[in-house]
Amino acid sequence: MRIAVLSGKGGTGKTFISVNLAATAPASVYIDCDVEEPNGHLFYKPQNVVSERIAVKIPQVDSALCKGCRTCVNFCKFNALAYAVNKVIVFDEVCHSCGGCQLLCPQKAIAEKEKEIGRIERGLSGNVRVVTGMLNVGEASGVPVIKKLLHNSRLEKEDMIIDCPPGSACTVMESIKEADYCILVAEPTIFGVHNLNMVYELVKLFQKPFGVVLNKYLEEDNPAEVFCQKNQINILEKIPFDMELGTLNSNGQIAVRADSKYKSLFQDLWCTVRKEACDETASHT
Amino acid sequence: MKIVIPVDNNSMDTTVCISFGRAPYFLIYETETEEKSFINNSAAASQGGAGIKAAQSIVDSGAEAIITPRCGENAAEVIKAAGIIMYRTINNSIQDNLQALKEGRLTLLDEIHAGFHQRGGNS
Ligand code: SF4
Ligand code: SF4
């Protein structure tokens with residue numbers, strides 16, 4: 001089963017929930033798709049890490065062959081190409097490696113060169129296989145790294161927890177494409193509702209079964225809870241606001257491994273999510 | 001000499017636009033004839049690489065100089081490759097800047113900012 005964890009913005013507790021959920025499952029794979037700022041591995045401190053470099057193809061123009069027709073410049077919808085003084089200029093960090101310019105060049109003046117944009121690290125932390133995607137600073141898009149991260153996800157036997165990038169951009173869409181179930185993490189503020197609404201729209205668009213975890217929960221007015229009730233969204237769990245958690249987090253500790261209170265809380269969440277996801281699969285078949 | 005200024009509107013009483021790549025219009029000014037025209041910056045609406053696209057249309061306009069408050073790294077690369085001179089604006093008044101150009105009081109824009117790379121595309 002593949003579970004994606006989302007939130008409308010960073011700092012909501014998305015990584016906290018993903019990391020602890022994966023640590024609760026008997027055996028699981030934690031996949032950090034937040035490639036611009038992967039934090040999960042800081043908690044897991046995985047052992048025996050193996051690193052794989054991820055490269056994309058960038059066009060390389062042979063000026064001797066180029067006739068300056070500008071087909072390539074006009075085609076590139078990412079504006080990664082410019083033409084000045086009889087030369088095509090390629091902006092590597094803007095290029096999305098779609099390959100279109102190479103295909104269209106009537107002079108066959110465009111070749112491809114490889115460029116490293118990031119890497120994937122795989123390691124072990126107890127019952128969790130930790131897979132982390134890392135995008136090099138300044139790169140335009142993390143999508144190629146995420147594609148690679150999830151490439152063989154259908155073949156995984158263990159349950160997968162996918163820690164998505166914050167927001168609802170194309171990297172998030174890529175991350176949830178293959179998910180069987182989505183967990184939306186929400187903060188108890190008006191801003192939190194705005195962010196929740198963003199990911200709510202996204203999972204609806206992708207027609208994914210989902211539920212909400214209310215994080216930093218206090219026994220007072222909770223706009224995120226009201227939002228869920230109004231839209232008939234299933235609330236999977238409420239995680240109370242807790243100072244102690246801040247200390248655990250800043251020490252890079254995993255709550256379920258350090259505190260039995262969290263262990264039982266996340267066991268409950270794990271059961272709820274499994275049941276929800278299975279019911280969904282059953283009702284769809 | 002043909003010069004270009006990023007501007008907020010397509011009339012001479014408008015102001016210099018603080019953004020280069022996202023400026024709605026470019027004023028094209030011919031110093032000899034004092035002829036003025038405006039071009040639409042089609043790059044303003046693009047998702048990413050707006051600076052590059054804007055720089056491309058300025059290169060294509062045949063400009064020899066640009067007066068702008070700022071310019072991103074990528075745009076600057078295109079502009080430099082085309083041998084176009086980049087001056088820094090003294091304030092947001094078009095007339096003041098044209099006057100300063102005439103009197104040779106403009107300085108070159110040398111500090112180029114790293115630009116706001118599209119992080120995630122939606123932020
Ligand atoms: S399409 Fe090919 S020939 Fe035309 S400008 Fe681009 S590289 Fe040159
Ligand atoms: S490969 Fe695609 S994105 Fe990259 S420069 Fe060519 S057309 Fe643009």
Side-chain angles (χ1 to χ4, degrees), chain A residues 6-10 33-37 61 63 68 70 72-96 98 101 117 135-143 145-146 164-175 195 198-199 201-202, chain B residues 2-4 6 19-24 26 28 39-66 68 71-86 109 112-123:
Chain A
L6 302 111
S7 72
K9 77 163 193 40
C33 287
D34 190 357
V35 295
E36 283 182 32
E37 223 174 316
V61 181
S63 329
R70 295 169 62 148
C72 56
V73 178
N74 297 336
F75 169 77
C76 181
K77 63 173 186 291
F78 302 104
N79 302 320
L81 302 173
Y83 188 82
V85 210
N86 308 322
K87 242 186 99 186
V88 176
I89 308 172
V90 182
F91 291 93
D92 289 8
E93 335 79 66
V94 184
C95 172
H96 282 53
C98 72
C101 53
I117 58 156
L135 186 70
N136 291 348
V137 176
E139 288 304 329
S141 168
V143 170
V145 177
I146 295 171
C164 298
S168 57
C170 39
T171 46
V172 184
M173 301 188 201
E174 196 62 44
S175 309
N195 296 321
M198 267 166 48
V199 280
E201 293 294 335
L202 192 70
Chain B
K2 203 182 229 185
I3 60 150
V4 168
S19 164
F20 169 78
R22 303 271 173 203
F26 292 117
I28 301 182
I39 53 171
N40 233 324
N41 179 20
S42 56
S46 53
Q47 279 266 332
I52 300 168
K53 196 171 179 192
Q56 180 73 65
S57 51
I58 285 175
V59 170
D60 296 344
S61 76
E64 290 152 84
I66 298 177
T68 179
C71 183
E73 250 175 15
N74 292 341
E77 194 178 327
V78 180
I79 288 163
K80 276 191 195 143
I84 298 172
I85 311 166
M86 252 191 291
L109 179 75
I112 301 297
H113 69 91
F116 315 101
H117 286 295
Q118 285 270 314
R119 307 304 289 173
N122 210 354
S123 49

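These figures come from a predicted structure and were not determined experimentally.
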To the nearest 0.5 Å, tell me how far [X] [atom1] sits from [Y] [atom2].
| X | Y | atom1 | atom2 | result |
| --- | --- | --- | --- | --- |
| Ser7(A) | Met198(A) | OG | CE | 8.5 Å |
| Arg22(B) | Asn41(B) | CZ | CG | 9.0 Å |
| Thr171(A) | Ile146(A) | OG1 | CD1 | 5.0 Å |
| Phe75(A) | Leu81(A) | CZ | CG | 10.0 Å |

Does atom CD of Glu37(A) have more than 12 heavy-atom neighbours from other groups under 6.0 Å away?
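Check fails, neighbour count at 12 or below.
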
Is any side-chain heavy atom of Asp34(A) less than 4.5 Å from a side-chain heavy atom of Pro166(A)?
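Asp34(A) vs Pro166(A): side chains touch.
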
Could you check if a side-chain atom of Ile79(B) sits within less than 4.5 angstrom of a side-chain atom of Cys71(B), using non-hydrogen atoms only?
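Yes, at least one pair of side-chain atoms sits under 4.5 Å.
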
Answer with side chain, backbone, both or neither: which region of Phe78(A) has an atom nearer than 4.5 Å to a non-hydrogen atom of chain B?
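For Phe78(A), the backbone is the part near chain B, not the side chain.
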
Please flag which part of Val35(A) lies under 4.5 Å from any non-hydrogen atom of chain B: side chain, backbone, both or neither.
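When you check distances to chain B, no heavy atom of Val35(A) falls under 4.5 Å.
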
Tell me which of these, Ile89(A), Asn86(A), Val143(A), has more heavy-atom pairs under 4.5 Å with chain B than the rest.
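Looking at each option in turn, the highest pair count goes to Ile89(A).
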
For chain A, which residues from residues 53-60 of chain B lie under 4.5 Å away (heavy-atom distances)?
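The residues closer than 4.5 Å to chain A, in numerical order, are Lys53(B), Gln56(B), Val59(B), Asp60(B).
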
